[in-house]
Amino acid sequence: MAENSSVLPLTARHLDSAINPKDVLENHLAKTNGFIYTRFPPEPNGYLHIGHAKSMFMNFKGAFDKLNVPFDKRRTIFRYD
């Protein structure tokens, strides 16, 4: 199969409405101390299994890596009700 050089990589749309004002960003950084928080919600059926750990690792590590978040600024909240 020939490689198509006209295919562009996936990128997000740039939306001016999605850009936070400077004061909002400063307030956010003051509250989070520069940490990036992700949250793993509780399982609807209540049963945790090894697949959850795999999902957390793949999703959150991928997000942190894509955003170039340093290891010392990563926080994941595991909520178990």
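If you're wondering where the values come from, they're calculated on a predicted model, not measured in any experiment.
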Q: Scan for side chain to side chain donor-acceptor pair (under 3.5 Å) pairs involving residues 16-26, sequence neighbours excluded, and state none if there are none.
A: H14-D16
**Q.** Residue list, side-chain hydrogen bond (donor to acceptor under 3.5 Å, both in side chains) with N59, at least two apart or on another chain
**A.** S55
Q.
Quick check: is M58 connected to F60 through a chain of hydrophobic side chains (ILVMFWY, heavy atoms under 4.5 Å apart)?
A. no
Q: May I have all residue pairs that pass salt bridge (Lys or Arg N to Asp or Glu O under 4.0 Å) and include part of residues 51-61, sequence neighbours excluded?
A: K61-D65
(Q) If you count heavy atoms of other groups shown closer than 6.0 angstrom to CZ of F35, is the number above 12? (A) yes
Q.
Whether the side chain of R74 engages the backbone of V69 through a donor-acceptor N/O pair (distance < 3.5 Å, no angle test) should be reported.
A. yes
Q. Could you state the interatomic distance from CG (N33) to NZ (K73), rounded to the nearest 0.5 Å?
A. 6.5 Å
